[in-house]
Each structure stands twice: as structure tokens, then as C-alpha cells.
S.K.: 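Before I ask anything, here is the structure I am working with.
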Amino acid sequence: QPGILSDPRVFGYLMSDTVRHAARAYAATYGMDEEVALQAIVDGLAEELREQFGTIETIQEGRLN
């Protein structure tokens, strides 16, 4: 249902779920506390969003159809 992503906030919710799953995977793989892993991932994400270290290239313009 592509219409569910018409609200960018909902896309943000989906991304946050992905980050939480990644934190759980890091914690299990590297024997670290899940909250510590989550905070490190969030810190890296926030830093990248603020600083925009790299450039992004659009491979395909996004549209529903």
C-alpha cells in the first residue's frame, strides 16, 4: 500500500523501527547493551543529518507511478 507513506512522518516511524532492530542486532552480535547500541546509532544518524558529510545521488526519481 504505497498510500500509507503519503505522510512523511509515517516513513519516519518505519525508519525508527529499523534503527531499533539494528540496535538489537548489534547488541546480540557484539555483546553490548541494546540501549547503548541504540544511542550510538541514533547519535551517528543525528550527526550525519546535521553535518551532511557525504553527498547523495538519486538513482531513480521517487514517485508512486
S.K.: Can you give the donor-acceptor pairs under 3.5 Å from side chains of residues 11-20 to other protein atoms, not counting sequence neighbours?
M.R.:
unit_1 : atom_1 : unit_2 : atom_2 : d
Ser16  : OG     : Tyr13  : O      : 2.7
Thr18  : OG1    : Leu14  : O      : 3.1

S.K.: Taking only residues at least two apart or on different chains, which pairs with a member in residues 30-50 satisfy ring pair (Phe, Tyr, Trp, His ring centres under 6.0 Å)?
M.R.: Tyr26-Tyr30
S.K.: Suppose the criterion is salt bridge (charged side-chain N to carboxylate O under 4.0 Å, His left out): which pairs have a residue in residues 25-39, not counting sequence neighbours?
M.R.: Arg24-Glu34
S.K.: Would you give me the side-chain donor-acceptor pairs under 3.5 Å for residues 36-53, sequence neighbours excluded?
M.R.:
unit_1 : atom_1 : unit_2 : atom_2 : d
Gln39  : NE2    : Asp43  : OD1    : 2.7
Glu48  : OE2    : Phe53  : N      : 3.4
Gln52  : NE2    : Glu48  : O      : 3.3
Gln52  : NE2    : Leu49  : O      : 2.9

